[in-house]
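What follows is one structure encoded as structure tokens, with my remarks underneath.
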Amino acid sequence: MRTRPLKVALLGCGVVGSEVARIMTTHADDLAARIGAPVELAGVAVRRPSKVREGIDPALITTDATALVQRGDIDVVVEVIGGIEPARALITTAFENGASVVSANKALLAEDGAALHAAAEKYGRDLYYEAAVAGAIPLVRPLRESLAGDKVNRVLGIVNGTTNFILDKMDTSGAGYSEALDEATALGYAEADPTADVEGFDAAAKAAILAGIAFHTRVKIGDVHREGITEVTAADIASARRMGCTVKLLAICERASDGASVTARVHPAMIPLSHPLASVREAYNAVFVEAEAAGQLMFYGPGAGGSPTASAVLGDLVAVCRNKLGESTGPGESAYTRLPVSPMGEVVTRYHISLDVADKPGVLAQVATVFAEQGVSIDTVRQQGKDGEASLVVVTHRAPDAALSGTVEALRKLDTVRGVASIMRVEGE
């Protein structure tokens, strides 16, 4: 074993960063044995230096992150500060000054991953980011390495623990969205500003990363169709139950059947209770990967939190340090297919549409005519009426999303349709 330690700079010391530092300290001997050399925490960049950080030598604390990554003796930079800047500049500076990088920054990788990979390749460094997607669940490395010889056709899963907790509580307790969000916030599953989670931005960034790796093409967050869960109601959950379904926020990345394009989308969807994803409870994540040779694989586990995310960071740290000792680098960006990302309108989906209609003869015929004119086939219809008012629930067969959207707009123009109570896609069948 080499006695000279590999030096690690830590950017950020919040929930995840502090746990990374703790594990590096308490498991130092094990990490050294697995790597083949000791690892040493050489500096920790923070915004609030006065905050007490248990177990971390105050002499390591600095507010000058740029100076830390420019030192020249740093072997690996661990970036857990998040956001676009200054993270992007710090990572690039780290590469320029001889350090490889382990990052948990999904937003940056989804926005500018290609440029970061190019910088890593230019300077002969590693860029690892297992912790950027699905917390502790090993997912990035299996896609990049274990399935490198296979053809992945679909990635489908729950990749945001906050929204899964909220939807799970709405399903199991009958709570409305606001009450479930309040509970998630009280338990620490939701941030004070939950927008990134509940509006689907977090899941969309992860979908972009997964699609890029799975299909060997470049997918940015702007390519991902995104819908959040803020419009999901208790009535939607109840309607799903009547269909033998539950509602989940899904990230879905697919290769077109002709192989000429890919799609990436995040939105709430009804899935059958028989589907394995339906049983994913509380803040857990689960992802299905469908490959030609391997078939269907499922990855399941805690998708967030200090310890789970730190586990993924440390796994990457060990791999990068081993590469350093061997004077090699791991896999970089693979974007050779250069497949275009199709817009959401071309995606073939199923819809569950709940309409408030007049309770009189001929309404169902009018509605059915609209579907036929738009080229959308109806799977099932359920109608209930009382005192001149009625509800009509239509579940469609698969059709282009644009045709389904056109159908909804045409339904709104019917005099007998008082309103569209809810619209939701149906997946997993």
Side-chain angles (χ1 to χ4, degrees), residues 163 166-167 170-171 176-178 195 198-201 203-204 224-250 252 263-271 342-429:
T163 51
I166 292 170
L167 293 173
M170 291 176 69
D171 185 36
Y177 167 77
S178 296
T195 302
V198 300
E199 294 292 357
F201 290 100
V224 181
H225 174 82
R226 175 192 56 79
E227 298 173 30
I229 66 166
T230 55
E231 300 301 318
V232 177
T233 66
D236 293 327
I237 302 292
S239 186
R241 274 286 173 186
R242 286 192 291 270
M243 286 180 58
C245 294
T246 189
V247 178
K248 298 291 186 182
L249 182 72
L250 298 179
I252 306 170
T263 60
R265 51 196 165 106
V266 168
H267 55 71
M270 294 181 179
I271 59 173
S342 297
M344 185 63 191
E346 297 179 10
V347 174
V348 176
T349 65
R350 299 180 66 205
Y351 264 35
H352 172 281
I353 304 171
S354 180
L355 304 171
D356 294 328
V357 299
D359 187 16
K360 62 182 183 181
V363 172
L364 181 56
Q366 288 184 332
V367 169
T369 298
V370 169
F371 278 89
E373 289 173 346
Q374 297 293 325
V376 178
S377 176
I378 295 175
D379 182 14
T380 62
V381 178
R382 185 176 72 252
Q383 185 173 11
Q384 294 178 321
K386 184 178 180 181
D387 299 328
E389 298 295 331
S391 65
L392 191 65
V393 177
V394 179
V395 180
T396 73
H397 286 290
R398 290 168 62 82
D401 198 79
L404 289 161
S405 296
T407 301
V408 172
E409 291 307 309
L411 289 170
R412 294 183 195 274
K413 296 176 183 178
L414 292 177
D415 292 339
T416 50
V417 174
R418 306 288 170 79
V420 179
S422 71
I423 309 167
M424 192 168 294
R425 296 177 182 86
V426 182
E427 298 285 347
E429 295 181 328

Could you tell me whether the side chain of [Y] reaches within less than 4.5 Å of the side chain of [X], counting heavy atoms only?
X    : Y    : answer
I353 : F371 : yes
T349 : R265 : yes
V232 : Y177 : no

Do T396 side-chain atoms and Y351 backbone N/O form a donor-acceptor pair below 3.5 Å?
yes
Test of understanding: with side-chain hydrogen bond (donor to acceptor under 3.5 Å, both in side chains), list the residues that count as partners of R241, not counting sequence neighbours.
D171
Can you tell me how far apart [atom1] ([X]) and [atom2] ([Y]) are? Round to the nearest 0.5 Å.
X    : Y    : atom1 : atom2 : value
I252 : H225 : CD1   : NE2   : 10.0 Å
I166 : I229 : CD1   : CD1   : 4.0 Å
E231 : S422 : CD    : OG    : 11.0 Å
M243 : R382 : CE    : CZ    : 8.0 Å
H267 : L249 : NE2   : CG    : 9.0 Å
D359 : R418 : CG    : CZ    : 9.5 Å

I need the minimum non-hydrogen distance between [X] and [Y], along with the two atoms involved.
X    : Y    : answer
L404 : V376 : CD2-CG1, 3.5 Å
M344 : D401 : O-CB, 3.2 Å
A410 : Q374 : CB-NE2, 4.2 Å
G228 : P268 : O-CG, 3.2 Å
M270 : V247 : CG-CG2, 4.2 Å
E199 : R226 : O-NH1, 2.8 Å

With E227, which residues qualify under salt bridge (charged side-chain N to carboxylate O under 4.0 Å, His left out), at least two apart?
R425
Could you pull out all residues at least two apart from E409 that satisfy salt bridge (charged side-chain N to carboxylate O under 4.0 Å, His left out)?
R412
Which residues satisfy the side chain to side chain contact (heavy atoms under 4.5 Å, CB included) test with [X], sequence neighbours excluded?
X    : result
T233 : A235, D236
E373 : T369
L414 : Q366, V367, V370, L411, T416, V417

